[in-house]
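Shown next, in structure tokens, is the structure this report addresses.
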There are 2 protein chains.
Amino acid sequence: MLTYPMEERGTLPLYEYLYRRIRDDILSGVLRAEEKLPSRRALAEHLRVSVMTVEGAYRQLEAEGYLYARAKRGFFVSKLDAPPVPRNAPAAPLQPVSGPERRWKLDLRSNRVDAARFPLSTWARLVRQILSEGGDALLSPPPHQGLLELRRAICNDLSAFRGLSVAPEQVVVGAGAEYLYLLLSQLLGREAVFAVEDPGYPKIRQVYGACGAMVRPIPLDSGGIHLPALRASGATVAHISPAHHYPTGLVTPIARRQALLKWAEEVGGYIIEDDYDSELRFTGRPIPTMQSIDTAGRVIYMNTFSQTISPAMRLGFAVLPPPLLEKYRRELNFYACTVPTLEQQALSRFLSGGFYEQHLSRMRKEYRSRREAVLSAFRESPFANRIRISEQGAGLHFLLHLETQERDADLKARAEELGVRLSFLSEYAAGAPTPPHTLVVNYAGLDPKALPEAMDLLSQVFG
Amino acid sequence: MLTYPMEERGTLPLYEYLYRRIRDDILSGVLRAEEKLPSRRALAEHLRVSVMTVEGAYRQLEAEGYLYARAKRGFFVSKLDAPPVPRNAPAAPLQPVSGPERRWKLDLRSNRVDAARFPLSTWARLVRQILSEGGDALLSPPPHQGLLELRRAICNDLSAFRGLSVAPEQVVVGAGAEYLYLLLSQLLGREAVFAVEDPGYPKIRQVYGACGAMVRPIPLDSGGIHLPALRASGATVAHISPAHHYPTGLVTPIARRQALLKWAEEVGGYIIEDDYDSELRFTGRPIPTMQSIDTAGRVIYMNTFSQTISPAMRLGFAVLPPPLLEKYRRELNFYACTVPTLEQQALSRFLSGGFYEQHLSRMRKEYRSRREAVLSAFRESPFANRIRISEQGAGLHFLLHLETQERDADLKARAEELGVRLSFLSEYAAGAPTPPHTLVVNYAGLDPKALPEAMDLLSQVFG
């Protein structure tokens, strides 16, 4: 009969110890397939444990398939494949997910806003308030399209500041821009061909590509996406940023907007109006959105709060025109909302309490002066006569054309040696020719006090 | 010359009023394409406003494309298409996103846990603590795969309670199970063919289907997914829940697990081990995961905290085997993490402080007694001799077979009239035949005190 030194079980419960020993004997072949095990009572007496202990071990072994029971006959060893050698850890030490980011003396590539500007104390107060109210609301799953109170607050903000008149029912809340791209790709279907701006924000084409959609990069002219190229591409969806294109800063004029809407109607397609960065307009008033002049339900408007509130809070939204909304509810309403209820409640109060627009207004003021300081520093730099700046009074970046005989790659390499991270327009292009020696200057992280040092470093880079 | 009653501008700034009037005249055709506008100085004098005001209006009109400037000649009206009639609001009133959910007297369909069990005060304390520490960490975007401290805490928990020995580098954090299915679908590629359990959790096949992947529902036998059917399906990925299948409660025995691993090696495919609901095991010890007996790097382990913490917090994770991890980093690392930093920090402290396992242990105790109460109520009910219950001592549901001559649809209709929501096994099937009159009883929301009334209602339903 099976004999195990039960006193060696250490801190394990008896049944667990017995289970392990029998399992080991099955895996090592001491107990063979189809072998009958002692009856519970017999083994219990033999090992001086209770019948319940043996029962517990046998039932566990049965549940895991090491044993099988036959009515009135007892337990038998199952036929197993050669027992696997457990291999729990990866074979080789793994690379860390991402190394510590290099500390640059000057980083013109990162377009991350200064997090310190965010009124964290206000946000924290709202979160504390919500937590103290507690209750079911905080633990209930949000509705598929997002909390109604948040969608209402978004609509009110869009109406007051972007001239959009849309219903909360049209709004779909999601965990950031990329998740919304994923949803839109599924909503617009397998056959959709996505036109994207070239140059443009690389993640847009990466996400659509990863979704298996056909992606057509379309070159830009001075008015935005090039219409004849768009027509020729066979695209059915144009993903564009008419308010302020990244990274060129282009603003799409009204005539082009109308022509694009007409194109969408003609091909039965859609325009995804990605309003990224539209909040940071420093001169003039905001440009009316395409959504607000769309008469045919062909525009999907979208934006996120990553840039304006914090990239740590993953929250964006899309506004669907009514026919697409119906399709969404028919085909994709099984997706649970990806944003936690707590974040949705906090943002909803942040918006409806007016804190968001207050914060934007402070941000605009801060970045307007930062922008001016940066532009004058460039204009008064030792290399001022070799540069030309293109900017549209908006956003956290501008283009800088440098007169040089050097190759961009050489400039970049020298910059890196000096601890300067440059970003060239060509890096945003999928295939469209871009003017050489054209830098995208992301100035959001540039401290005005550090500008003399920054110009000094750039002098060395530009040679 | 253009003449506008500037005194009628109300509260609008002068330039804004002027901009609007000129825009309206362009859109209505009063100002024609190619028409030259008065010089800034001339119009300013005419309207008795400053040159800056006219400049502001003209520049805005130019930025939006209503005007264009010619060097040294001034501003001209652009050629526009027929002006669109703004249509901002949807044509018809929209259906609300979702009506108020029907209040059922008895709901056996919802598998939502009792939110009141969650130690919200502990969670709130952790969140307050994090908020009070404030700082950059809270406003920085989380790394692509999730915060390292959270991935470490997850690994420790997996090691202690699920026998997994995995590195934090292998963990990818995402906004809930469905988002992870999306990512896995992209990771495994266009050509992957997904085998799913039939019957099974419908969202799994819905998400893969929406991703454009080929989905093959595979019938189950008493050991889980049917291996010959799996082989015949041409599938390369099997998405399964070996620990506790929803909704049948099946546990996949060790021999079948080994055979499935062998299958994955043979076809060069993968097994997605969806460990949903594995925490709520009431008898015996937890079954070892497939991940822990996988010797060939063919298992992707995944789970979420939606059921055990709250569906309001969208957080799940996948553990990738090393070769897939490399592919993930190469191809999909552009995706930003979809879970807010605050939630990640809170969960990380909830796990490493031991609160999670404490909570699970309380949940198990609570649901074990609830389950026992529910099972005895059924066994002592007036219809006890007409039912047969299949359950595996785990999870928040069991199957109930009813002896009846009536059609399931008729039973369901009568139930609804009585305010009772039933759920049949057939509703989870994609095509596989399921035994008739088999109810999935989700008891998580059943208040033990209300059991006599529940049995009374079911007596009426079962006739």
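We name chains A, B, ... by the order of the sequence lines, and we start the count at 1 in each one.
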Mark yes when over 12 heavy atoms from residues, nucleotides or ligands other than Lys203(A) sit less than 6.0 Å from its NZ; otherwise mark no.
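Counting neighbours around NZ of Lys203(A), more than 12 heavy atoms of other residues, nucleotides or ligands fall under 6.0 Å, so yes.
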
Check ring pair (Phe, Tyr, Trp, His ring centres under 6.0 Å) between Phe118(A) and all other residues, then give those that pass, not counting sequence neighbours.
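Listed in chain order: Trp123(A), Phe350(A), His359(A).
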
Distance check, rounded to the nearest 0.5 Å: [X] atom [atom1] versus [Y] atom [atom2]?
X         : Y         : atom1 : atom2 : value
Cys337(A) : Glu178(B) : SG    : CD    : 10.5 Å
Gln206(B) : Glu331(A) : CD    : CD    : 11.5 Å
Leu131(B) : Leu126(A) : CG    : CG    : 10.5 Å
Leu183(B) : Leu182(A) : CG    : CG    : 7.5 Å

Which bit of Lys262(B) is near chain A, if near means a heavy-atom gap under 4.5 Å: side chain, backbone, both or neither?
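Contact with chain A involves the side chain of Lys262(B) alone.
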
Where on Val339(B) is there a heavy atom nearer than 4.5 Å to chain A: the side chain, the backbone, both, or neither?
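Backbone only.
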
Using a 4.5 angstrom heavy-atom cutoff, name the option from [options] with the most pairs to chain B.
options                                    : result
Arg256(A), Arg257(A), Gln186(A)            : Gln186(A)
Ser310(A), Pro141(A), Ser121(A), Ala124(A) : Pro141(A)
Ala210(A), Ala175(A), Ser185(A)            : Ala210(A)

Using the side chain to side chain contact (heavy atoms under 4.5 Å, CB included) criterion, which residues pair with Ser306(B)? Sequence neighbours excluded.
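For Ser306(B) the side chain to side chain contact (heavy atoms under 4.5 Å, CB included) partners, ignoring immediate neighbours, are Thr304(B), Arg314(B).
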
What are the two closest heavy atoms between [X] and [Y], and how far apart are they?
X         : Y         : result
Ser140(B) : Ala312(A) : O-CB, 3.2 Å
Arg190(A) : Cys211(B) : NH2-O, 3.0 Å
Pro253(B) : Gly65(A)  : CB-CA, 3.3 Å

Report which part of Phe334(A) has an atom under 4.5 Å of a heavy atom belonging to chain B: side chain, backbone, both, or neither.
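Contact with chain B is through both the backbone and side chain of Phe334(A).
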
Structural part of Leu138(A) lying under 4.5 Å from a heavy atom of chain B:
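Both backbone and side chain of Leu138(A) come within 4.5 Å of chain B.
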
When you compare the side chain of Met313(A) with that of Leu139(B), does any pair of heavy atoms fall below 4.5 Å?
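They are not in contact (no side-chain heavy atoms under 4.5 Å apart), so the answer is no.
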
If you define the side chain from C-beta out and look only at heavy atoms, does anything of Pro340(B) sit under 4.5 Å from Pro340(A)?
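Yes, at least one pair of side-chain atoms sits under 4.5 Å.
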
Do you know which of Leu342(B), Val207(B), Val251(B), Ile130(B) has the most heavy-atom pairs with chain A at a distance under 4.5 angstrom?
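Winner by heavy-atom pair count: Val207(B).
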
Between Arg23(B) and Ile254(A), is the side-chain contact (heavy atoms from CB on, under 4.5 Å) condition met? List the steps.
CA-CA 11 Å; Arg23(B) 186 190 60 177; Ile254(A) 187 77; over 6 Å; no

